[in-house]
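Input: a single structure, listed below in structure tokens.
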Amino acid sequence: MSTTGIAAPVRAQNRRVLVAALVATVVMLFTAFAAAYLEHQGAARAANKWSPVALPGVVWINTAILAFSSVLAEVFRQSRRRGLLWGAMGLGLVFLGGQVFAWLELRRSGVYLPTNSYASFFYILTIVHAAHIALALVALATAARRPRIASLCVGFWHFLGVVWIYVLFILKGL
Amino acid sequence: MTETVESPTAPDPKPYQWNNGSGPGGGALLLIAFFLIGTITVIAGFMAGWRPPAASEEGQGIDETITYLLVSTGVIVLVGHAVLCWFLLKGGGTSEYRRPSAKTEWLFGLIPVILMLAISEAGVLIVSGPVWDSLFVEKPVNPVRVEVIGKQFEWIVRYPGKDGIFGKFALKWVHGVDNPAGLDDTDDNALDDVLNGKVLVVPVGRPVVVSLRSHDVIHSFFVPDFRVKQDLLPGYTTEIKFTPTRTGKFEIACAELCGLGHYNMRGEVHVLPQEEYDTWIRSQTGHFGG
Amino acid sequence: MLDHPAPKGFLSRYVFSLDHKVIGIQYIVGAIVMGLVAAYLALLIRTQLAWSGAIQQPEDYLAIVTMHGTLMVFFVVSPLLSGLGNYLIPLHIGARDMAYPLLNMLSFWIYVLASVIMLASFLMPGGAAAGGWTAYPPLSGSESFLPGSGWGQTLWILGMALFITSFTMGGLNFLTTILNMRTKGMTLFRMPLTVWGFLVATVLALLAFPPLTAAALMLLFDRHGGTSFFMVDAVINDQLIAMGDGTPLLFQHLFWFLGHPEVYVIVLPCICLLFEVLAAFTRRPAFGYRPSIYALLCVGLLSMIVWGHHMFVTGMNPWVGKYFSIATVIITAPFAVIGVNLVASVWRARLRLATPMLFALATISAIGFGGVGGLFLGTMTSDIYFHDTYFVVGHFHLMIGTVTMLSIMAAIYFWFPKMFGKMMSEKLGKLHFWLTAPSMMAVFILMHMQGLGGMVRRTYDTSVYTYNEGANSSLTTPITILAMIAVGAQAIFLWNFFYSAFKGQPSGRNPWEASTLEWEAPSPPPHGNFGDELPIVHRGPYEYSPEGVDQDVLPQAAPDPDVASTDTEIPE
Amino acid sequence: MFRLLTLFLCLSAAALVGCGGSDNASDSDGCGCEAGCGCDDGCGCDDGCGDDDDDGKRAYTAAAGTATIKGVVNWSGKAPRRVAIKMGGDKFCSTAHDDTILSESWSITDNKLQNVFVQVKSGLKGWTFEKPKDKKVLDQTGCMYDPHVLGIQTGQDLTIRNSDPTMHNIHAIVFDTKKNAFNFAQTKQGQENTRSFRRPGRYYVKCDVHGWMSCHIIVTRNPFHDVSAADGSFTLAKLPPGEYEISAWHEKAGTKTQTVKVGAGETKEIVFTFSR
């Protein structure tokens, strides 16, 4: 009689499928926002009401922070030095702080959530992304003690970094 | 694992046993039910006694699509039910059974694919395509242009007036009876615009292009006799075209849920002969007296 | 054997259970409770329509219509399928439990929380959400438009958000379990079609729900954050209310990007489980196993790209409309394959007309009617006439009401012995069937007829217009009476269900002499489902009446080396 | 809230038992504010909050009111054009009237302005007023509101009746804030619902089904208000003696005020004159 529960390889495969599916749902979520953004932009441009707001400079610093955090996490994944993970998470927290700073910065310049549709999209996209980052930080924290899920958590962290680039691309490039 | 698991093969006390002797007792009833429902539906669909006769050219086109679909799918449903009933009645007994080969299975997969693709795409492209084009793609010749405004819960009909040009409007100018359409009373084009409450008056035999806009939520302009329906979106102007083929009074219904008075958002279309229409439109004075 | 030990106390066994079987039954019972509420609302709607007396106010009527739709689609049928899926998937594929039991339990309890919040909508000032189950803004965006669009709508959004969370958690679990937890020998193409149905539906749900999440979030911001994603300046009581310049159509796109696949999420498992019931009661293999699977995949794929057929009359670009119409009617092709295979499964049957079989056969008929009704709505010009009439109501009630309900009934009657180790009463079951199936079919087919007469849906009083007088006066009251019969008959089912669960005749391990894996387990299956060793799968799921064998059925798990079957080698 | 709880319970009761009863509970004006002077919550209490003093409140009785202010509202100049209402499209309304119905926003006969709301704006410092026992009635008849301008005291019951065999909905907003006050439908002839107002202010009422139907409800703290009749006359009776600021408001012509001093038993006449 086996007492080991679900076999380890199956377990590992389960996790991969789970995370892959999760990634797919997050992609769909942000794609939906991107589609909404495009639709709004089209309508607003047609009515000559499209007025993008200059992004606060801090978002570029945030991008660098998130990228560096990803690098640290990746090195952790390969070297399994836990200090690096704490570093990555610390940078993640700094990123969240930076995002809050960006929101405050926009508020100071008189750009609020309802100001115009570009501002609305900036806030809603960054808020949704920040919520994902916060959840991923929790996942990373658990990864510190459970090496078996570390790689997947780091992978998801990279993915959220890519999502952040996607968000910036929506807001800046589209 | 501490729990002792019951062996899968352990015998149960009084196990249920399928009684082969009971036979397909309900089979005949089932057949009757299927056939009745199917036949009645298809025949009733053909009769369609409740559908008001089409009163517009586009409506006749749409009716053709409906008839085409009723015939083609009616046959499919009837044949399908007949086959099912035949299978049920005939049964297979306990005699030897030849398993359908993979080839048969694929063949029976291919036949419905081809059949349904032919029926459905012919319906879309051949039967309904030209009607769709005439509604939305082709430019109407010498149309009557009218505007219908939807608001909770009524229709406001606006004519361009003597100058034939719709005047400027904005929501901020809307006020009750004085200015229900939100016309700009400083715009010369707007001064002679005619408002006609909930009644749309149009001539027979000419295409009518109705511009639609909404003051609040989404409504849907639906004239069942003309078979046309078009949503009104706040902030946008949409258009629908129809060509009345006979005179009379028809009803306008709101087809999109718009609030607690949705069911009561009734309007009327009066289709007049061209001369009567001309007389009528000439007798109308602009809302601002222009 | 399992990550979680066998439960000891009442709470861990029956309430906060990690066992997929208990969670499955919890889901089913929860859905039955919500179903009673939703069915009651349906009767209120029908009473108002048939005897438009002083039964409700229009604002209450709209709230009832909205909540009936929302509850039925998201809180009754979806969780019924979550329940069946939870119960059946591990048993079908030979697993001891779902991949993530804790996630599974959380998913159920979040569903309970979502249901409570959704029902609390009725208690809000202004009443429950009343903007329709589609919740189109601007109507659903401001209290100024509709009393129910106040806090009732906010709770509706929160309830939906929680439901999506719950459904996503369940979906992740289903997907992982089906892909990874199959027992030895259970290849993808040996899986019962029920599992295939759940697999495709799960993938669809995971991809389609996030856009609704986005839409709900934006609607929430519009309502409480002052944004104008969907809201547009409006005139209310002659006063201009500045709401911005959003795009109301955007919501419809996002909603139907979910809404259309959601229909298939609901319908596909229901259709697929029919094959299983049919096979067991015809003693013949399900016809066209592989073609059905490919058709299923095609339906799933196509369902993601045809949402626009819900929006033919919104003033979309005519070429876009044409595309959506062409793509939509393509779906009839794979669907017809499934339909033909269902009918052909009865070919040369050795019929056993037990209750589950009756329900399954009636479902085939409902699929026929519902399927062809879809053609009328997918073809762009006929949809101009039928859009938002009772034709639509009849059509989708036939597909996601009748087809789902009848096939879920077939499933419950079929797998009840496995769930409780008892049989449901056949007599009561047949009575239930003869009262339910014909009346349900008739109700919704007659609604199609009303739609042919152009009757507009969501109307509080249908007698305002004269054009629909015929359809209204001759059909509305009969429909209501039939609906009352259909709902009333469920009392028989409820009695049968709960009585038989305790006092039914013992069923034994495999009362229907069926072939799939779940019948290898004892009834009800113990903690861990199967005994010490998981069953090993030797062949496809429906080896009834095998050739050259003196046996009625070859179960998937039965090793039978002397049978010359093409499919006996065990892949690793 | 309790109304809705009742509604829910009603829904859960029998299908055939009517829920009409749940409507009759006296309802708030949709603003959750207690009587008081917190004017910041946007519930439209615009009448002299500063006048009320917590100290020395005297309860008003009919015996204290011996003075009367009478008057007339004049119109000078050419009367503005009145818009004719087109009631076509509605099965009932279009046949309800034989002659043309004109919009009620300007109703001037012989240079007398009708539908002017006259009230005591200030000068009642220290008085407190009981909730009146009698009800006011807002009728919907012939697809018009009767009356077009209605004054009512806080807490006083307003019976809203539908005398037409067609559906009307009564959609009231607080005029100043444009917030929803109430919005419900009366579907059948003879249906009555009761509402009352907790906060003073102006409420603009419309029937959304019949866009021409509108009326104004002005809620005051005291019973001294009147609406000018067709001959322009109004009466503010049973006032306690004192000096008052009287305001006259017309939906189109705006507001005018006068100060009048009346002694015990005295009757004073005043004249308001509006023009374009």
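So you know, we letter chains A, B, ... as the sequences are listed, proteins then strands, and number each from 1.
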Between [X] and chain B, which part of the residue has a heavy atom less than 4.5 Å away: side chain, backbone, both or neither?
X	result
C:Phe386	both
C:Leu475	side chain
C:Ile364	side chain
C:Val340	side chain
C:Met380	both
C:Asp233	both
C:Thr466	both
C:Ile236	neither
C:Tyr61	neither
C:Pro535	neither
C:Ile445	side chain
C:Val456	side chain
C:Ala471	both
C:Thr247	both

Between [options], which residue shows the highest count of heavy-atom pairs closer than 4.5 Å to chain C?
options	answer
B:Val228, B:Val83, B:Val217, B:Thr238	B:Val217
B:Gly123, B:Gly59, B:Ala253	B:Ala253
B:Met265, B:Glu239, B:Gln152, B:Lys172	B:Gln152
B:Ile76, B:Val223, B:Leu212, B:Ile218	B:Ile218
B:Leu171, B:Val127, B:Ile114	B:Leu171
B:Pro180, B:Ser214, B:Gly259, B:Gly235	B:Gly259

Between [X] (side chain) and [Y] (backbone), is there a donor-acceptor pair under 3.5 Å?
X	Y	answer
B:Trp50	C:Gln450	no
B:Lys229	C:His387	yes
B:Glu251	C:Tyr467	yes
B:Asp216	C:Ala234	no

### Message
Only pairs of heavy atoms separated by less than 4.5 Å count here; which of C:Leu342, C:Val337, C:Asn468 has the most with chain B?
### Response
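Among the listed options, the one with the most contacts to chain B is C:Val337.
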
### Task
Pick whichever of C:Leu139, C:Leu375, C:Leu240 has the most heavy-atom pairs under 4.5 Å with chain B.
C:Leu139

Give, for atom [atom1] of [X] and atom [atom2] of [Y], the distance between the pair rounded to the nearest 0.5 Å.
X	Y	atom1	atom2	answer
C:Tyr136	B:Leu233	OH	CG	10.5 Å
C:Thr381	B:Glu58	OG1	CD	11.5 Å
C:Leu452	B:Leu70	CG	CG	6.0 Å
C:Ile331	B:Met116	CD1	CE	12.0 Å
C:Trp347	B:Thr104	CH2	OG1	7.0 Å
C:Ile326	B:Leu125	CD1	CG	4.5 Å

Please classify the contact between [X] and chain C as side chain, backbone, both or neither, with a heavy-atom cut-off of under 4.5 Å.
X	value
B:Glu256	both
B:Leu232	neither
B:Ile252	backbone
B:Asn179	neither
B:Phe250	neither
B:Tyr68	neither
B:Val174	both

### Query
Mind checking whether B:Phe108 and C:Phe287 have ring centres under 6.0 Å apart?
yes

### Query
What about the rings of C:Phe369 and B:His81, do their centers lie closer together than 6.0 Å?
yes

### Message
Just checking C:Tyr465: does its OH atom have more than 12 heavy atoms from other residues, nucleotides or ligands closer to it than 6.0 angstrom?
### Response
yes

### Message
The test is side chain to side chain contact (heavy atoms under 4.5 Å, CB included); show your working for C:Val232 and B:Tyr236 and say whether it passes.
### Response
CA-CA 10 Å; C:Val232 186; B:Tyr236 294 81; 5.6 Å; no

### Task
Find out whether B:Leu84 and C:Leu361 are in side-chain contact, i.e. whether some heavy atom of one side chain is under 4.5 Å from a heavy atom of the other.
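Of all side-chain heavy-atom pairs linking C:Leu361 with B:Leu84, at least one is under 4.5 Å.
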
### Query
Within a strict 4.5 Å, meaning less than it, do heavy atoms of the C:Trp319 and B:Phe136 side chains meet?
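Heavy-atom side-chain distance check fails, nothing below 4.5 Å.
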
### Task
Write down the atom of C:Ser382, the atom of B:Ile66, and the distance for their closest heavy-atom approach.
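Closest approach of C:Ser382 to B:Ile66, heavy atoms only: CB-CG1, 3.9 Å.
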
### Closest approach of C:Tyr385 to B:Pro224 (non-hydrogen atoms, all atoms of both residues)
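That would be CE1-O, 3.7 Å.
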
